[in-house]
Amino acid sequence: MKLKDMLLITHNHKGTEGKYLLSIRDYLSILSVGSERTEPELGYWIEELLNTKDNQLWTEIYLAANKTICARFCESEQELRQFLLGQHRMLDKGIPFLQEHCSKACLEVLTAYDMDTAGHPLVGKLHYEVQRDTFRQGEVLHNFNGSDYAVLQVLDRDHLLLMALESGQFVIAVGTRAYARYPKESFSSEDSVIQGISWEHGIYLGNNLSAIDLERIQQEYGQDEISEEEEIER
């Protein structure tokens, strides 16, 4: 299962709240329970759920007089972490996480993205395999800190000028390496492999591109030409 195919779920049953993660198959199984569910009704609920891919809203369905369920597609690694940590912008902070309600595939997604059920990093569960550096101007790179960056300029074989897609902040990534990360145990599918980068340190330049001396950055961190030997190593 891919992260963006996973559903964030909250429910309220007789005043008791909980949150968990479901596959679309398991979610539809819940909605289908009971002979009173009609095809048009299920179709409407599914359409409303699909709309959450393009907005910040949740669906809300009354399964019974004393039971409701809310759902939305997970938008990003950052949203998933906020959901687990109780920091999600549209939820109360005190809702408990109910692991026993989760789909097994969703728990595998958590491991792949270096999270336990409380949103904290795992310890010793993941393997990092260095990849060939093939950075290209214009591509989007995923940092293992959970953020995505657009490559504005490849300054050197491991120095990049990047822009954070969420915040718009510019950063020089010094000593950048590409990795494939996957669980050491229970490695089951290609969805468990997360491609990403990490750097030795970042030099943060703010959000105003016009105030950044690009020529000085190129002189300090760039090189005019990559040798044939270095290109082969990449």
Side-chain angles (χ1 to χ4, degrees), residues 2-6 52-56 72-85 87-90 109-110 112-115 119-122 126-182 190-234:
K2 296 185 182 298
L3 182 141
K4 290 190 176 183
D5 294 332
M6 185 168 59
T52 67
K53 287 179 173 285
D54 301 317
N55 58 45
Q56 301 299 318
R72 65 171 278 105
F73 277 100
C74 183
E75 178 184 23
S76 64
E77 178 181 345
Q78 187 174 37
E79 181 180 39
L80 175 58
R81 193 178 304 277
Q82 290 173 341
F83 178 78
L84 297 172
L85 289 170
Q87 299 172 351
H88 197 284
R89 56 191 174 278
M90 299 185 70
V109 171
L110 290 188
Y113 280 87
D114 193 26
M115 300 182 208
H120 300 135
L122 303 172
L126 300 173
H127 174 74
Y128 291 79
E129 185 174 320
V130 179
Q131 305 293 288
R132 289 168 62 92
D133 295 346
T134 55
F135 305 125
R136 296 291 182 266
Q137 184 175 352
E139 71 176 324
V140 174
L141 301 174
H142 179 74
N143 191 300
F144 288 123
N145 64 13
S147 300
D148 292 330
Y149 295 83
V151 179
L152 301 184
Q153 189 173 357
V154 179
L155 301 168
D156 198 346
R157 60 176 300 175
D158 58 357
H159 300 344
L160 306 176
L161 177 60
L162 307 174
M163 183 185 73
L165 295 185
E166 184 173 3
S167 67
Q169 179 157 189
F170 299 97
V171 57
I172 302 171
V174 178
T176 309
R177 291 288 183 271
Y179 297 91
R181 185 184 71 188
Y182 49 87
E190 289 301 314
D191 290 341
S192 299
V193 181
I194 307 300
Q195 302 288 341
I197 61 169
S198 183
W199 55 67
E200 293 176 4
H201 68 277
I203 301 171
Y204 294 88
L205 306 172
N207 296 69
N208 185 0
L209 184 60
S210 64
I212 299 172
D213 189 342
L214 297 177
E215 183 176 352
R216 182 192 63 80
I217 289 173
Q218 178 61 53
Q219 291 174 350
E220 187 170 351
Y221 296 98
Q223 74 179 42
D224 295 332
E225 185 176 345
I226 297 177
S227 69
E228 183 176 349
E229 291 79 7
E230 289 178 318
E231 183 64 32
I232 292 174
E233 289 179 5
R234 295 177 66 179

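- Counting all heavy atoms, side chain and backbone alike, N207 lies closest to G168 at ND2-C, 3.3 Å.
- By the side chain to side chain contact (heavy atoms under 4.5 Å, CB included) test, Q87 is found to be paired with Q82, L85, residues two or more places apart in sequence or in another chain being considered.
- Taking 4.5 Å as the limit, some side-chain heavy atom of L110 sits within range of a side-chain heavy atom of L84.
- Between M6 and L80 the shortest side-chain heavy-atom distance falls below 4.5 Å.
- Rounding to the nearest 0.5 Å places CD of Q218 at 8.5 Å from CG of D156.
- Looking at heavy atoms from C-beta onward, I194 lies in side-chain contact with Y113 at the 4.5 angstrom threshold.
- Atom CD of E129 and atom CZ of R181 lie 14.0 Å apart (nearest 0.5 Å).
- With sequence neighbours left out, the side chain to side chain donor-acceptor pair (under 3.5 Å) criterion links K4 to no other residue.
- Under the side chain to side chain donor-acceptor pair (under 3.5 Å) criterion, S210 pairs with N208, sequence neighbours left out.
- Expressed to the nearest 0.5 Å, how far CZ of R81 lies from NE2 of H88 amounts to 14.0 Å.
- Proximity of V154 to R136: side-chain heavy atoms (C-beta onward) are nowhere separated by under 4.5 Å.
- With sequence neighbours left out, the ring pair (Phe, Tyr, Trp, His ring centres under 6.0 Å) criterion links H120 to no other residue.
- Taking CD1 from I172 and OH from Y204, the interatomic distance works out to 11.5 Å, rounded to the nearest 0.5 Å.
- Remark: E75 pairs with no residue by the side chain to side chain donor-acceptor pair (under 3.5 Å) rule, at least two apart or across chains.
- Using a 4.5 Å heavy-atom cutoff, the side chains of R72 and M90 are not in contact.
- Taking each heavy atom of A180 and V193 in turn, the nearest pair found is CB-CG1, 4.1 Å.
- In this structure, CG on L3 lies 9.0 Å from CD on E79, to the nearest 0.5 angstrom.
- By the salt bridge (charged side-chain N to carboxylate O under 4.0 Å, His left out) test, E220 is found to be paired with R216, residues two or more places apart in sequence or in another chain being considered.
- Contacts classified as side chain to side chain donor-acceptor pair (under 3.5 Å) and involving residues 159-174 (residues at least two apart or in different chains) are not found.
- Inter-residue side-chain proximity for L160 and L141 is flagged as met; some heavy-atom pair is nearer than 4.5 Å.
- Applying the ring pair (Phe, Tyr, Trp, His ring centres under 6.0 Å) rule to Y149 yields the partners W199; only residues at least two apart in sequence or on another chain are considered.
- Listed for the S192 side chain is no donor-acceptor partner under 3.5 Å among the backbone atoms of Y182.
- Taking the side chain to side chain contact (heavy atoms under 4.5 Å, CB included) definition, one finds that S198 meets it with Y179, sequence neighbours left out.
- For the side chain to side chain donor-acceptor pair (under 3.5 Å) test, residues two or more places apart in sequence or in another chain that qualify with H142 are E77, D148.
- Considering CD1 of I203 and CG of L162, their distance stands at 11.5 Å, rounded to 0.5 Å.
- A search for side chain to side chain contact (heavy atoms under 4.5 Å, CB included) contacts involving L122 returns T111, D114, D116, K125, not counting sequence neighbours.
- Partner L161 forms a side chain to side chain contact (heavy atoms under 4.5 Å, CB included) with one of I212, V171, V151, L205 and no other, that one being L205.
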